[in-house]
> 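Shown below is the structure under consideration.
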Amino acid sequence: MSFPKGFLWGGAIAANQSEGGFTCGGAGESVSDHFSAGTRNTPRYFHHELKPDVCYPTQQGIDFYHHYPEDIALFAKMGFKTLRTSISWARLFPHGDDEVPNPEGIEYYRSLFTCLKENGIEPLVTISHYEIPLELAKKYSGWASRKMIDLYLNLCRTLFTEYDGLVRYWLTFNEINVLSNGYGDIMSAGILPEGDCPIFTSTADLSTRFQALHHQFVASARAVKLAHEINPENKVGCMIAATVTYPYSCHPKDILAAQEAMNQKNFLCGDVQCRGAYPSFALSWMKRNGIELDWHEEDAKILQEGTVDFYSFSYYMSSCISTQSNGEAGQGNMSEGTLNPHLETSAWGWQIDPDGLRYYLNEAYNRYNLPVMVVENGLGAADVVEENDQIHDDYRINYLRSHIQAMEDAIEDGVDLMGYTPWGCIDLVSLSTGEMKKRYGFIYVDRNNDGSGTLRRIPKDSFEFYRKIIAQNGLTPKKADETAVFQN
Ligand code: BGP
């Protein structure tokens with residue numbers, strides 16, 4: 001069994017981590033433009049006012065804003081069929097609530113999407129990827145306000161009409177479950193803390209956070225409906241951060257804890273977006289926690305009518321849950337838990353688990369019966385540029401190979417998998433740490449944590465590995481001379 005014909009092989013990036021072009025061409029500021037640089041052990045901060053001596057890596061990213069033709073040419077060389085990228089809302093609507101969009105922003109994305117199409121690459125566009133206009137966060141407290149729904153719909157209408165015929169695949173919100181999981185107040189909801197604080201801080205109370213999530217659900221459902229009305233060919237997906245949680249032991253209490261975590265962390269959002277209603281475990285949990293959502297009369301119908309066309313998710317790692325407090329704590333950007341003694345851990349503390357990908361693909365497909373797409377996956381590692389611009393990233397090749405094998409196995413299990421876009425196909429700024437040093441790419445970008453560097457692009461060994469995978473549509477080598485790279 002191998003990958004279906006027409007499988008969408010590609011890569012993923014996001015505007016806030018790659019684009020740069022801070023305030024260029026009339027763009028406004030995003031909340032993420034105010035995230036300082038951090039490290040694995042020092043948190044990134046949100047600063048209300050920019051400080052002169054602080055590096056804000058989002059503002060420069062990898063300067064994809066100016067380099068995209070060169071970068072797209074490299075993606076085409078690898079044979080990409082799709083590129084997942086996102087738009088910066090503040091580039092299109094500098095204040096977030098402007099009556100008309102910024103023409104320079106509109107033309108920028110038109111050229112970007114046209115360039116992709118000319119290179120035979122289908123754009124897959126995330127409408128909101130940790131990128132909220134700063135003014136909306138300040139003025140309305142972001143998604144805490146219902147007002148955001150109409151503003152988001154205004155953005156969507158602009159996108160669906162301006163880029164009709166250029167873009168067919170859309171994702172409404174990146175990792176929408178970061179709000180239910182308690183990490184997304186600032187970066188996903190734009191609910192700003194009173195003072196400066198680490199970007200993953202949750203300052204909103206539970207009711208405010210779940211109200212913001214509810215607003216995003218309603219906005220997403222309306223966007224799906226609108227996309228279909230404007231062009232029935234449009235395909236719109238949800239995007240969930242797959243938070244694979246295993247029971248640490250066979251103690252029945254651990255099994256129950258893992259089930260609850262899987263429900264709460266993954267299926268709550270997936271059920272609303274794929275099935276069109278809150279699952280009963282979520283309603284019951286909210287009741288127990290005193291959360292009373294402000295529902296408008298039409299919300300239930302909107303959710304029901306705006307279910308997504310496909311289910312997409314990010315997957316990096318798994319973790320365990322224990323009720324017996326006998327394990328060691330794990331790390332991750334948006335998941336934690338107990339360390340799994342059977343797995344290896346990346347240099348940034350994330351546990352590498354290709355079987356977890358197969359497991360989650362089966363869970364998601366069997367639950368929703370919708371086509372599934374893995375829109376983020378990869379290994380963050382520090383690469384070394386050796387003599388003659390050689391970058392031997394066999395650790396990354398091994399990671400990719402094992403996860404591609406897991407996808408092949410899931411297809412054999414019966415999963416309808418439509419595509420794979422590994423994260424950070426070109427090096428970019430890390431979301432959790434703000435570092436450049438934590439690299440995911442097939443293409444190295446000469447840029448350092450402090451913002452220095454020439455921005456030169458250099459293909460790594462994984463570039464050729466992935467080119468071959470795409471050329472032969474999967475792992476199984478078709479020709480004898482293509483086997484070498486598989487024996488690393
Ligand atoms: C996901 C985000 C991405 C990306 C990725 C890797 O949660 O959607 O934006 O950054 O994680 O995380 P990091 O950059 O922290 O290594």
Side-chain angles (χ1 to χ4, degrees), residues 11-19 30-33 35-44 57-58 61-62 64 83-88 124-132 171-184 186-189 198-200 237-244 265-266 269 312-319 330-336 345-352 357 360 373-383 395-396 399-400 403 421-441 445 447 449:
I13 57 174
N16 82 87
Q17 286 154 270
S18 63
E19 205 169 272
S30 287
V31 170
S32 55
D33 289 322
F35 291 173
S36 68
T39 65
R40 182 179 165 182
N41 303 312
T42 345
R44 298 185 82 179
T58 302
I62 53 161
F64 184 71
L83 178 75
R84 173 179 175 230
T85 186
S86 68
I87 55 100
S88 159
L124 162 63
V125 177
T126 316
I127 298 168
S128 180
H129 191 133
Y130 302 148
E131 186 107 40
I132 295 180
L171 300 176
T172 52
F173 288 92
N174 182 64
E175 298 185 330
I176 195 167
N177 56 331
V178 292
L179 269 182
S180 56
N181 295 358
Y183 297 95
I186 302 174
M187 63 185 187
S188 176
I199 64 165
F200 290 128
C238 60
M239 200 298 203
I240 306 282
T243 312
V244 171
K265 288 173 187 275
N266 301 295
C269 293
S312 85
F313 65 90
S314 57
Y315 176 80
Y316 294 91
M317 56 175 290
S318 64
S319 62
Q331 275 195 1
N333 58 347
M334 276 165 267
S335 50
E336 56 233 349
T345 299
S346 81
W348 270 263
W350 298 18
Q351 290 215 281
I352 301 168
L357 176 57
Y360 195 83
M373 187 159 178
V374 182
V375 293
E376 283 187 34
N377 172 239
L379 179 71
D383 296 322
Y395 36 89
R396 184 168 295 108
Y399 180 101
L400 291 164
H403 286 76
T421 55
W423 176 250
C425 47
I426 179 165
D427 291 346
L428 37 62
V429 174
S430 157
L431 168 79
S432 54
T433 68
E435 292 164 294
M436 271 307 299
K437 189 178 159 197
K438 187 182 188 193
R439 297 171 183 276
Y440 286 87
V445 176
R447 187 172 179 80
N449 284 353

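All values below come from the heavy atoms of this structure, side chains included, with hydrogens, waters and symmetry mates left out. Whatever order the structure lists them in is the order used to number ligands and atoms, beginning at 1. Numbers here simply count residues along the sequence, with the first being 1.
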> Look only at interatomic distance and state if Trp350 has a nitrogen or oxygen under 3.5 Å from any nitrogen or oxygen of ligand 1.
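No; every N/O pair is 3.5 Å or more apart.
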> Does any N/O atom on Ser430 come nearer than 3.5 Å to any N/O atom on ligand 1?
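N/O-N/O distance under 3.5 Å: yes.
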> Are any of the N/O atoms in Tyr440 less than 3.5 Å from those in ligand 1?
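Yes, since at least one N or O of Tyr440 sits under 3.5 Å from an N or O of ligand 1.
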> Drop me the distance from Ile62's CD1 to Gln17's CD, to the nearest 0.5 angstrom.
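Atom-to-atom, Ile62:CD1 and Gln17:CD are 10.5 Å apart.
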> Does the distance from a Lys or Arg side-chain N to an Asp or Glu carboxylate O, for Glu435 and Arg40, drop under 4.0 Å?
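So Glu435 does not pair with Arg40 through a salt bridge.
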> For ligand 1 and Gln17, I'd like to know whether there is a polar contact (N/O to N/O, distance under 3.5 Å).
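There is such a contact, yes.
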> Hey, what's the ring geometry for Tyr440 with Trp423, parallel, tilted or perpendicular (30° and 60° as the breaks)?
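Geometry flag for Trp423 against Tyr440: perpendicular rings.
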> Please classify the Tyr315 to ligand 1 contact at 4.0 Å (heavy-atom distances, strictly less than): side chain, backbone, both or neither.
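Tyr315 to ligand 1: no contact under 4.0 Å from either part.
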> Could you see which bit of Tyr316 sits under 4.0 Å from ligand 1, with heavy atoms only: side chain, backbone, both or neither?
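For Tyr316, the contact with ligand 1 is made by the side chain alone.
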> Taking 4.0 angstrom as the limit and counting only heavy atoms of Asn174, give me the atoms of ligand 1 inside it, by number and element.
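Listed by number with element, the hits are 8 (O).
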> If the cut-off is 4.0 Å to any non-hydrogen atom of Glu175, which atoms of ligand 1 fall inside it?
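This gives 1 (C), 2 (C), 7 (O), 8 (O) as the contact atoms.
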> Got a sec, which residues hit side-chain hydrogen bond (donor to acceptor under 3.5 Å, both in side chains) with Asn449, two or more places apart in sequence or on another chain?
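Residues passing side-chain hydrogen bond (donor to acceptor under 3.5 Å, both in side chains) with Asn449: none at all.
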> Report yes if some N/O of Leu431 lies less than 3.5 Å from some N/O of ligand 1; otherwise report no.
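So ligand 1 has an N or O lying under 3.5 Å from an N or O of Leu431.
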> Holding to side chain to side chain contact (heavy atoms under 4.5 Å, CB included), I want the full list of residues that pass it with Ala189, two or more places apart in sequence or in another chain.
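Ala189 satisfies side chain to side chain contact (heavy atoms under 4.5 Å, CB included) with Trp143, Leu179, Ile191, Ala212 only.
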> Quick one, Tyr360 with Tyr315, criterion ring-ring contact (aromatic ring centres under 6.0 Å, His included). Give me CA distance, side-chain angles, the key distance, then yes/no.
CA-CA 9 Å; Tyr360 195 83; Tyr315 176 80; 7.2 Å; no
> Starting from the C-alpha separation in whole Å, work towards a yes-or-no answer on side chain to side chain donor-acceptor pair (under 3.5 Å) for Ser188 and Glu175.
CA-CA 9 Å; Ser188 176; Glu175 298 185 330; over 6 Å; no
